Structures are given as structure tokens and as C-alpha cells.
> 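Structure below; questions to follow.
It should be emphasised that the depicted structure is a prediction, and the values quoted were computed from it without experimental measurement. In each ligand, atom 1 is the first atom listed, and ligand 1 is the first ligand listed.
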Amino acid sequence: MKKIIILLGVPGSGKGTQAKGIAERYGYRHISTGDLLRALDADPAADPADKTLLADCMKTGQLVPDTLIYKLAFRAIDQALVAGIGVALDGAVRSVAQAEAHQEFFQKRGVAGDMVVIEPQLDDATSFERISKRKVCASCGHIIPYAPDNAAKTVCEKCGGKLAVRTDDNPEAIRRRIQDQGNAAIGPITAYYDSLGVLRRVDGKKTIEEVAKEIDYVLQEKA
Ligand code: AMP
């Protein structure tokens, strides 16, 4: 199985949920740049220059500067690879420039041939609907994706904290995220990975379990 698994998709496509599932099923490390940025934002000891870079970007749904992403993502990937652990990257690649920078980084580490990119495909309207309805734990930050079974939940299954709506999940920020990270925006990135022959598409509209099955099938493909 490939060591580097990149999950690519529009907001709400399930890339985070599926990256977590891959990490659990295969002992991989789940690396979410969104989580790394939220941890940085909450860390009083973090580099003030990094915090300034973050500033209002996340709250308004804009992409944060590439330099900060590379600093956080590459460090986390290196730590896992050095420990001999594969990675499931969630949201780390959101532009062609970021795809190329990751590719260069993997080439330097000698793992560029050990990579697969998975796109749970979802249309923008369903993306908007799903993000508007998902919840987050106000205490531990655990994200509860929208699913019929989760609709009535008010308490976090992990820590018992109260569930709320993520601060960047307000309609204006969601619209902005779909403009920056929706299907029109990710088209050039999927074209880039298609040209490398590493892109696999799965149907992101299916249930979490069905998508996980499709992903398992892709991951078991022989190189
Ligand atoms: P997520 O939790 O993956 O939805 O990410 C939350 C927010 O973090 C995004 O809306 C962006 O503002 C920022 N972010 C996460 N990953 C990246 C990235 N690779 N490049 C730029 N901004 C990012």
C-alpha cells in the first residue's frame, strides 16, 4: 500500500472523515492542515509571526499563505516518515502551487513514487449543504460531519463537550470557501495529479461507510 495518501476534495466532501478512517484502519498518521492551523491559533506559545499570518484568513474562509502550510505540513509529514509511518493528508493541497511544492518535497524524500491521490467527488451545492449542517465540539474541536445519524447529536462522542457550529461555517465564509476551494478551484489540481497518473476518484455522495469501502478498494490496488 502507498505510504503517502493525499485526500483532495471540496469542503464537506468527507476528506477529513475518510483520512481519519484510513489512519485508524491502517495505522497511518492523519495530518490535517486545518487541524494544525487551529492548534496553532489556540497555542499561546506559538510563533507570533505565524499567528499574524493566520490572522483573519481562517475565520473568513480564505486560504492561508503557502509558507505557513509548508512549514506545518512538511514538519508533520517528516515526523511520521522518520518513524516509518504512512500519512493520510487531509486538506494539505489546495492549489497547483501547493501540489507542486508537495511533489518536490516528496521527491527530495524519495517517496514521490509511493503516493496516491484520492478525490471523494461532490458537487458544490451538496458541499454547501453539508458544511452548513456539520458541527464541531466546542471543547476538543472534534468535527462531526453531517450525516442523518448525527443530526440530533448535541454532545461530543469523544469528550462530552457541547457541539456548536464551527466559526468559519457561517454562510458568508462557506460561500467564500466554495469559491476558493470548490470544484472550479480544484479542477486544475486534479488535472495536475491526473497528468501524473496518481489520481483516483470515488463517489463522495455515498455514505461514509460506502466511500470508505471504495477507498479501501483503491488502496489495495497493485502499483
Ligand atoms: P479545513 O479544516 O480543512 O476545512 O481547513 C480550515 C481552513 O484552514 C481553510 O478554510 C483554510 O483557511 C485553512 N487551510 C487549511 N489547509 C490549507 C491549505 N492547504 N492551504 C491554505 N489554507 C488552508
> Quick check: do Met115 and Lys2 have side-chain heavy atoms less than 4.5 Å from each other?
no
> If you take the nearest heavy atom of each of Lys15, His102, Arg94, which one is closest to atom 3 (O) of ligand 1?
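Heavy atom nearest to atom 3 (O) of ligand 1 belongs to Arg94.
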> How does Leu63 reach ligand 1, if at all, at less than 4.0 Å between non-hydrogen atoms: by side chain, backbone, both, or neither?
both
> Quick check on contacts: which atoms of ligand 1 are under 4.0 angstrom from a heavy atom of Thr33?
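With Thr33 as reference, the close atoms of ligand 1 come out as 15 (C), 16 (N), 17 (C), 19 (N).
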> Could you list which atoms of ligand 1 come closer than 4.0 Å to a heavy atom of Arg177?
10 (O)
> If you measure only the distance, is there a donor-acceptor pair under 3.5 Å linking the side chains of Ser132 and Glu129?
no
> Whether Glu209 and Lys213 form a salt bridge (side-chain N of Lys/Arg under 4.0 Å from carboxylate O of Asp/Glu) is what I want to check.
no
> State whether the shortest distance between N or O atoms of Asp35 and N or O atoms of ligand 1 falls below 3.5 angstrom.
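No - when backbone and side-chain N and O of Asp35 are compared with those of ligand 1, no distance drops under 3.5 Å.
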> Contact between Lys3 and Leu81 at the side-chain level, heavy atoms closer than 4.5 Å - yes or no?
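Side-chain contact under 4.5 Å: yes.
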> What distance separates Asp66 CG from Glu100 CD, expressed to the nearest 0.5 Å?
11.0 Å
> May I ask you to list the atoms of ligand 1 that are less than 4.0 angstrom from any heavy atom of Gln181?
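Counting atoms of ligand 1 from 1, those under 4.0 Å from Gln181 are 9 (C), 10 (O).
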> Distance under 4.0 Å to a non-hydrogen atom of Val64: what atoms of ligand 1 satisfy this?
21 (C), 22 (N)
> Answer yes or no: is there an ion pair linking Arg75 with Asp78, defined by an N-O contact shorter than 4.0 Å?
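Asp78 and Arg75: not salt-bridged.
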> Does the distance from a Lys or Arg side-chain N to an Asp or Glu carboxylate O, for Arg176 and Glu172, drop under 4.0 Å?
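Between Glu172 and Arg176 there is no salt bridge, as every charged N stays at least 4.0 Å from the carboxylate O atoms.
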> May I ask you to check if ligand 1 and Ser32 share an N or O to N or O distance below 3.5 Å?
no
> Does an N or O from Gly91, backbone or side chain, lie closer than 3.5 Å to an N or O of ligand 1?
yes
> Which atoms of ligand 1 are found less than 4.0 Å from any heavy atom of Arg38?
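What qualifies from ligand 1 is 2 (O), 6 (C).
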> Counting from 1, what ligand 1 atoms have a heavy atom of Gln98 closer than 4.0 Å?
18 (C), 19 (N), 20 (N), 21 (C)
> Would Asp90 count as being in polar contact with ligand 1, using the rule that some N or O on each side must be under 3.5 angstrom apart?
no
> Going by salt bridge (charged side-chain N to carboxylate O under 4.0 Å, His left out), name the residues that satisfy it together with Arg29, two or more places apart in sequence or in a different chain.
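Scan of Arg29 (salt bridge (charged side-chain N to carboxylate O under 4.0 Å, His left out), adjacent residues dropped) gives none.
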> Side chain or backbone of Ala92 under 4.0 Å from ligand 1, or both, or neither, by non-hydrogen atoms?
backbone
> Between Gln121 and Asp203, does any side-chain donor sit less than 3.5 Å from a side-chain acceptor?
no
